[in-house]
Amino acid sequence: MMTQSDQPIVPIQETVAYRIYRSSRLVRHLHFLTFQRSGFDLTPEQWFILNKLALRSPQSQTELGESIMDDRPNMTRILLTLEKKGWVARRTDEKDRRKTEVQLTDAGREVLAECLPSAIQVRDQLRSGVSDEELQQFWQVLDKLDLNMEGIIMNRTDLEEPQ
């Protein structure tokens, strides 16, 4: 019988989950510092939402949350903050009163335009030394990992949250 101490240990830094988590945290921190140093009171999550709305506005609050993989309470908190800043407007959907639509305001568009040079600079620095071919391969690997994770989540009842 194999005891816990007999099982081989995989160094955490060699796991996909840890590497993705660490990279995600680093990217978030880098964006936060970049916005802060550029004088913008903006979090990376707020930036993502404003960008999503710049591409298509209005969107339902649920759609926005699903697109950035954020939970409902956190999404509501972020949107309240953006609304207080005057960067988004929320209203009840006329067709389905249970839904809330979120729309980018003119002030939100201005903030995006002002932040864009800083965001582009970070993007370019992140991609430094990475060829277009390597970047495309990276996207393909991430897409495959995402599909694998989604498949695992959809097929594993033991991963369901307790009710």
Side-chain angles (χ1 to χ4, degrees), residues 12-13 15-151 153:
I12 191 106
Q13 64 272 20
T15 65
V16 172
Y18 174 78
R19 296 294 297 269
I20 289 173
Y21 176 79
R22 185 175 189 281
S23 293
S24 173
R25 300 290 295 183
L26 284 169
V27 166
R28 185 191 185 288
H29 188 65
L30 176 61
H31 276 87
F32 183 81
L33 288 176
T34 299
F35 292 139
Q36 188 180 43
R37 289 178 182 159
S38 299
F40 299 108
D41 179 25
L42 186 67
T43 67
E45 293 80 11
Q46 291 170 351
W47 172 253
F48 297 151
I49 290 168
L50 293 176
N51 268 277
K52 291 281 188 180
L53 289 171
L55 294 172
R56 188 170 58 84
S57 183
Q59 286 188 48
S60 76
Q61 184 168 325
T62 302
E63 280 179 293
L64 281 171
E66 289 172 357
S67 71
I68 65 167
M69 296 295 295
D70 215 333
D71 59 62
R72 286 181 92 140
N74 196 43
M75 191 67 191
T76 300
R77 183 183 54 76
I78 294 169
L79 289 173
L80 279 170
T81 301
L82 290 173
E83 196 172 31
K84 286 178 186 174
K85 292 178 178 184
W87 298 344
V88 301
R90 294 187 304 159
R91 67 170 194 240
T92 303
D93 186 307
E94 292 176 9
K95 295 176 185 173
D96 186 346
R97 314 264 316 131
R98 298 170 295 172
K99 292 183 180 180
T100 301
E101 285 190 336
V102 184
Q103 187 160 343
L104 188 63
T105 64
D106 290 340
R109 281 185 191 77
E110 287 177 28
V111 167
L112 276 173
E114 291 171 13
C115 291
L116 191 57
S118 297
I120 289 171
Q121 181 182 13
V122 168
R123 181 202 63 199
D124 291 347
Q125 289 172 334
L126 280 172
R127 293 179 178 184
S128 176
V130 179
S131 71
D132 289 342
E133 182 180 304
E134 289 172 318
L135 192 58
Q136 288 308 311
Q137 290 172 343
F138 175 69
W139 296 141
Q140 289 173 351
V141 170
L142 275 180
D143 287 344
K144 287 179 183 179
L145 290 171
D146 282 354
L147 282 172
N148 290 345
M149 287 183 278
E150 289 169 359
I153 290 168

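We're numbering straight along the sequence, starting at 1.
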Worksheet item: Measuring from Phe48:CZ to Leu64:CG, what's the distance to the nearest 0.5 Å?
Response: 13.5 Å

Worksheet entry | Side-chain heavy atoms of Thr34 within contact of Gln121, under 4.5 Å | no

Worksheet item: Any idea how Trp47 and Phe35 line up, ring-wise: parallel (<30°), tilted (30 to 60°), or perpendicular (>60°)?
Response: tilted

Discussion item. Among residues at least two apart in sequence or on other chains, which ones pass salt bridge (charged side-chain N to carboxylate O under 4.0 Å, His left out) with Arg56?
Written reply: Glu63

Discussion item. Quick check: closest heavy atoms across Thr15 and Ile12, and the distance to 0.1 Å?
Written reply: OG1-O, 2.8 Å

Discussion item. For a 4.5 angstrom cut-off between non-hydrogen side-chain atoms, does Leu50 reach Val88?
Written reply: yes

Response to the item:
Note: Lys52 and Gln59 closest approach over all heavy atoms is O-NE2, 3.0 Å

Worksheet item: So which pairs with a foot in residues 115-142 pass ring-ring contact (aromatic ring centres under 6.0 Å, His included), sequence neighbours left out?
Response: none

Item to complete: Could you list the residues that satisfy salt bridge (charged side-chain N to carboxylate O under 4.0 Å, His left out) with Arg22, not counting sequence neighbours?
Response: none

Could you pull out all donor-acceptor pairs under 3.5 Å where a side-chain atom in residues 100-120 meets a protein atom, sequence neighbours excluded?
unit_1: Glu101; atom_1: OE1; unit_2: Arg91; atom_2: NE; d: 3.4
unit_1: Glu101; atom_1: OE1; unit_2: Arg91; atom_2: NH2; d: 2.8
unit_1: Thr105; atom_1: OG1; unit_2: Gly86; atom_2: O; d: 2.6
unit_1: Thr105; atom_1: OG1; unit_2: Trp87; atom_2: O; d: 3.0
unit_1: Thr105; atom_1: OG1; unit_2: Ala107; atom_2: N; d: 3.4
unit_1: Thr105; atom_1: OG1; unit_2: Gly108; atom_2: N; d: 3.1
unit_1: Arg109; atom_1: NH1; unit_2: Leu104; atom_2: O; d: 3.3
unit_1: Arg109; atom_1: NH1; unit_2: Thr105; atom_2: O; d: 3.4
unit_1: Ser118; atom_1: OG; unit_2: Ser38; atom_2: OG; d: 2.9

Worksheet item: CG of Asp124: more than 12 outside heavy atoms within 6.0 angstrom?
Response: yes

Worksheet entry | Atom CD of Gln13 with >12 non-hydrogen neighbours under 6.0 angstrom | yes

Worksheet entry | Any Leu126 side-chain heavy atom under 4.5 Å of Leu30 side chain | yes

Discussion item. Are the side chains of Met75 and Glu45 in contact, using a 4.5 Å heavy-atom criterion?
Written reply: no

Discussion item. More than 12 heavy atoms of other residues, nucleotides or ligands under 6.0 Å from CZ of Phe32: yes or no?
Written reply: no

Discussion item. Do Thr81 and Thr43 have side chains that approach each other closer than 4.5 Å (heavy atoms only, starting at C-beta)?
Written reply: no

Worksheet item: So do Thr76 and Leu79 actually touch side chain to side chain, heavy atoms under 4.5 Å?
Response: no

Discussion item. Checking Asp143 now: which residues fulfil salt bridge (charged side-chain N to carboxylate O under 4.0 Å, His left out) with it, not counting sequence neighbours?
Written reply: none

Practice prompt. Please check if atom CZ in Arg123 has more than 12 non-hydrogen atoms from other residues, nucleotides or ligands closer than 6.0 Å.
Written response: yes

Worksheet item: For the side chain of Lys85 and the backbone of Asp41, is there at least one donor-acceptor N/O pair under 3.5 Å apart?
Response: yes

Worksheet item: What is the distance from atom CD1 of Ile78 to atom CD1 of Ile49, rounded to the nearest 0.5 Å?
Response: 4.5 Å

Item to complete: Could you tell me whether the side chain of Leu33 reaches within less than 4.5 Å of the side chain of Gln36, counting heavy atoms only?
Response: yes

Discussion item. Using a 3.5 Å distance criterion without hydrogens, assess whether the side chain of His29 forms a donor-acceptor pair with backbone atoms of Arg25.
Written reply: no

Response to the item:
Residue set satisfying side-chain hydrogen bond (donor to acceptor under 3.5 Å, both in side chains) with Glu134, at least two apart, ordered chain then number -> Ser131

